[in-house]
Amino acid sequence: MAIELPALPYADNALDPHISERTISFHYGKHHAAYVNNLNGLIEGTDLADASLDEIVSNAEPGGLFNNAAQVWNHTFYWNSMSPDGGGDPSGELAAAIESSFGSIDSFKEQFKADAVGNFGSGWTWLVREGDGLAIAKTDDADTPLAHGKTALLTIDVWEHAYYLDYQNARPAYVDTFIERLLNWQFAEANFIP
Ligand code: MN3
């Protein structure tokens, strides 16, 4: 059973002008799709052919299989971490947990931005559960909290392909827009409650 490319949770142009339809066409239609195709090529005819994506990501050794599987998982999580109606502030139990772990919602946003801007190469910044609280996690390349037994609540992709067409080298502007206009707090809250 091949791994499938999940449908985007919104239209290709729904995040415009913050993330353009052109960026989505490459990032989802080419990059994400390529990871799916590569992964299926690697598992076809092996004992992983019927494994779930989560099983592959959780168990693969470092290398091409892990990189492609993790990038499939990471990108699906990233699309869901954004919404055309995103931005604003979290509410309820998640808001309380963020205030407890980071001091305030604004302090969380500052720390999340600093981590995302400060990743020197290609990678991801995450909000994750850590013990009884929450933490920001930086991962490089394809690495993902799932491979470290951590529960992710939201993520931003800071590979250049995520923002270069719209922001060129201005990663801080992309991160600001993600936080203020796109961040899907309802998705993060849903990941936090279970
Ligand atoms: Mn990407």
Side-chain angles (χ1 to χ4, degrees), residues 2-43 53-54 56-58 60 62-84 86-87 112-128 136-148 150 152-184 187-188 191:
I3 301 294
E4 292 188 6
L5 177 66
L8 279 178
Y10 32 72
D12 291 12
N13 61 358
L15 305 182
D16 194 81
H18 309 305
I19 292 180
S20 66
E21 183 172 9
R22 182 168 156 79
T23 289
I24 295 285
S25 75
F26 283 99
H27 197 184
Y28 172 74
K30 303 294 185 188
H31 290 274
H32 195 180
Y35 294 127
V36 172
N37 290 335
N38 292 341
L39 175 60
N40 282 322
L42 290 167
I43 64 175
L53 182 61
D54 283 33
I56 297 170
V57 173
S58 299
L65 176 67
F66 174 81
N67 288 340
N68 283 284
Q71 284 293 74
V72 173
W73 196 95
N74 291 347
H75 282 89
T76 300
F77 203 84
Y78 169 65
W79 303 128
N80 283 287
S81 294
M82 298 186 287
S83 164
F112 188 85
K113 178 183 176 181
D115 188 284
V117 170
N119 190 325
F120 185 73
S122 295
W124 304 80
T125 288
W126 308 79
L127 174 63
V128 299
I136 291 168
K138 185 206 311 278
T139 62
D140 293 327
D141 302 324
D143 198 15
T144 183
L146 179 60
H148 305 282
K150 290 185 179 171
L153 305 190
L154 64 90
T155 194
I156 181 171
D157 185 344
V158 294
W159 287 53
E160 280 190 345
H161 65 223
Y163 59 88
Y164 208 84
L165 292 175
D166 297 326
Y167 298 87
Q168 290 74 54
N169 60 322
R171 190 192 288 184
Y174 159 65
V175 176
D176 277 335
T177 302
F178 175 93
I179 293 170
E180 298 303 332
R181 301 298 189 97
L182 298 172
L183 205 164
N184 184 351
F187 177 65
N191 291 321

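Whatever order the structure lists ligands and atoms in, that order sets their numbers, starting from 1. Residue numbers count from 1 along this sequence.
- In this structure, Thr144 contributes its side chain and Ala147 its backbone to no donor-acceptor pair below 3.5 Å.
- Around the Mn ion (ligand 1), the protein atoms of type N, O or S that sit closer than 2.8 Å are His27 NE2, His75 NE2, Asp157 OD2, His161 NE2.
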Between side-chain atoms of residues 77-84 and protein atoms elsewhere (two or more places apart, or another chain), which donor-acceptor pairs fall under 3.5 Å?
| residue | atom | partner | partner atom | Å |
| --- | --- | --- | --- | --- |
| Tyr78 | OH | Tyr174 | OH | 2.8 |
| Trp79 | NE1 | His32 | ND1 | 3.0 |
| Trp79 | NE1 | His75 | O | 3.4 |
| Asn80 | ND2 | Thr76 | O | 2.9 |
| Ser81 | OG | Phe77 | O | 2.8 |
| Ser81 | OG | Thr155 | N | 3.1 |
| Ser83 | OG | Asp85 | N | 3.0 |

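- In this structure, a donor-acceptor pair under 3.5 Å is absent between the side chains of Asp141 and Ser122.
- The line from OG1 of Thr125 to CG of Asp115 is 3.5 Å long, rounded to the nearest 0.5 Å.
- A side-chain N or O of Asp157 and one of His27 form a donor-acceptor pair less than 3.5 Å apart.
- No side-chain N or O of Asn68 forms a donor-acceptor pair with one of Gln71 less than 3.5 Å apart.
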